[in-house]
Number of protein chains: 2
Amino acid sequence: MSASTSRRDELLGIAGRLFAQRGFKNTTVRDIADASGIQSGSLYHHFDSKEEMVDELLSTFQTALFATYDDIVGSDLDVRGKVDAVVRASFDAIEQHHDEVAIFQNDAGYLMQFDRFGYLRGHNKRFHEMWTALLDEGTRTGELRSDLDPELTYRFIRDTVWVAVRWYRPGRDHAVSEVADQYLAILFDGITSKES
Amino acid sequence: MSASTSRRDELLGIAGRLFAQRGFKNTTVRDIADASGIQSGSLYHHFDSKEEMVDELLSTFQTALFATYDDIVGSDLDVRGKVDAVVRASFDAIEQHHDEVAIFQNDAGYLMQFDRFGYLRGHNKRFHEMWTALLDEGTRTGELRSDLDPELTYRFIRDTVWVAVRWYRPGRDHAVSEVADQYLAILFDGITSKES
DNA sequence: GTCTATAGTTCGATAGAC
DNA sequence: GTCTATCGAACTATAGAC
């Protein structure tokens, strides 16, 4: 933590780590306080509720992520280049904002039932529209196969990329760029050997 | 429910549905009792604890699933045929035992920390060994690309197949065999169009 | 900014009647 | 096999001192 990191952000980071590891519902306010070296009541000097903590973590992260996506989709890359860039941006997010991605993957379904987290639905919709537009453009330009169901292909890509947060740990096994290389190799060309 | 279904199995099915929908920790014994039309105390005539319910659901399912896998791996199919069959068997499991698969996907990480669910670790290990042996055989026979990291390829296949339980609903959109067709098409050959 | 103390709620599980 | 009634523990959040 840098010297300029506020106490609030420091506590938020500790809470995020625990939410990611054990799930939001399964992490108690006392767990967060213990990990922070303070009493549970003291947390309420910084936050109104446990929900506010996870809300701030998710909304801050998602706002930044979609700005990155918008840049890529608005660029002059071809479809393959855009798919490549979006996938790599997603793996980068797993590396740099691991806790936030893990929380979204594990707890978004639970959180979305509350009004406070309605924006998660909106972000899912945007993400879906971005990908289906990209895949649709790819089949029109002839870069992508036209015999695949766009909806299933979207789910395939989405799941494959984000679920990696379950096992990827920064600084272990592979660099995140290597993981992205391999995933894109399979996604674009498959696992069978080609003799041409 | 058939007439021969025991009351215990009936309650187990109701509990499994709720565990799959809301998560194990987030489903209360009172939720299960309400959905069953009885009082929470009455559940303890059939089960010693909430943990026993999820234990029986997972262990019964996994035992059957691994018997199916063993048959496929022990067959005389070539590697591509075995990969095809294992993936299809997994999608069939998502269709026929949706709740059990969903519980495993969402809560296995939490449950594995308890001694009672240590067998989940053993099953994960067996699954990992089955897949890496299969992929290794495929690169030796020349059926599969040799430039991919076997460990990453394993994770790619595993995640892609099982995560479908998050969105697949039996009798909606696509038959499960169609989903398997599309997933295998991408897995084997990728999403780019090939001009030969 | 953190402490102590606790209110108010909900949880898993038990005991005994029917 | 289900009921009523309840225990003891754990939870989120609050109040007020320092």
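Just so we're on the same page: letters track the sequence lines, and every chain starts at 1.
Summarising the geometry, the separation between CG on A:Leu43 and C1' on D:dC11 is reported as 14 Å, rounded to the nearest angstrom. Whole-Å rounding puts the A:His45 NE2 to D:dT12 C1' distance at 19 Å.
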Check residues 76-83 of chain B and write down every donor-acceptor pair under 3.5 Å in which the side-chain atom is one partner and the other belongs to a residue at least two apart or another chain.
from: B:Asp78; atom 1: OD1; to: B:Gly81; atom 2: N; distance (Å): 2.7
from: B:Lys82; atom 1: NZ; to: B:Val73; atom 2: O; distance (Å): 3.1

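Of the two residues contacting DNA chain D, namely B:Arg7 and A:Thr27, the nearest-nucleotide position lying further toward the 5' end is that of B:Arg7. Position along DNA chain C of the nearest nucleotide to A:His46 versus A:Lys25 favours A:His46 as the more 5'-ward residue.
Taking the charged nitrogens against the carboxylate oxygens, B:Asp149 and B:Arg155 have no contact shorter than 4.0 Å, which rules out a salt bridge.
Ring pair B:Trp167/B:Tyr183 is tilted by interplanar angle, where 30° to 60° counts as tilted. Between A:Phe127 and A:Tyr69, the ring planes are tilted. Angles from 30° to 60° get that label. Classification of the A:Phe66-A:His123 ring pair by plane angle, with boundaries at 30° and 60°, yields tilted.
Taking the ring centre of A:Trp131 as origin, the terminal cationic atom of A:Arg158 falls outside the region bounded by 6.0 Å and 45° from the ring axis.
Hydrophobic cluster of B:Val163: the remaining members, joined at side-chain heavy-atom separations below 4.5 Å, are A:Val163, listed by chain and number.
In summary, the aromatic rings of B:Phe61 and B:Phe104 are positioned with their centroids too far apart to meet the 6.0 Å limit.
For DNA chain D, none of the residues of residues 102-111 of chain B falls under the heavy-atom distance limit of 4.0 Å.
More than 12 non-hydrogen atoms from other residues, nucleotides or ligands lie less than 6.0 angstrom from CZ of B:Arg145.
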Please list, pair by pair, any protein nitrogen or oxygen found under 3.5 Å from a nitrogen or oxygen in nucleotides 13-15 of chain D.
from: D:dA13; atom 1: OP2; to: A:Tyr44; atom 2: OH; distance (Å): 2.9
from: D:dA13; atom 1: OP2; to: A:Lys50; atom 2: N; distance (Å): 3.0

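Remark: A:Arg116 engages A:Asp55 in a side chain to side chain donor-acceptor pair (under 3.5 Å) (not counting sequence neighbours).
You can see that DNA chain C meets the heavy atoms of chain B within a 4.0 Å-exclusive cut from C:dC11 to C:dT14, reading 5' to 3'.
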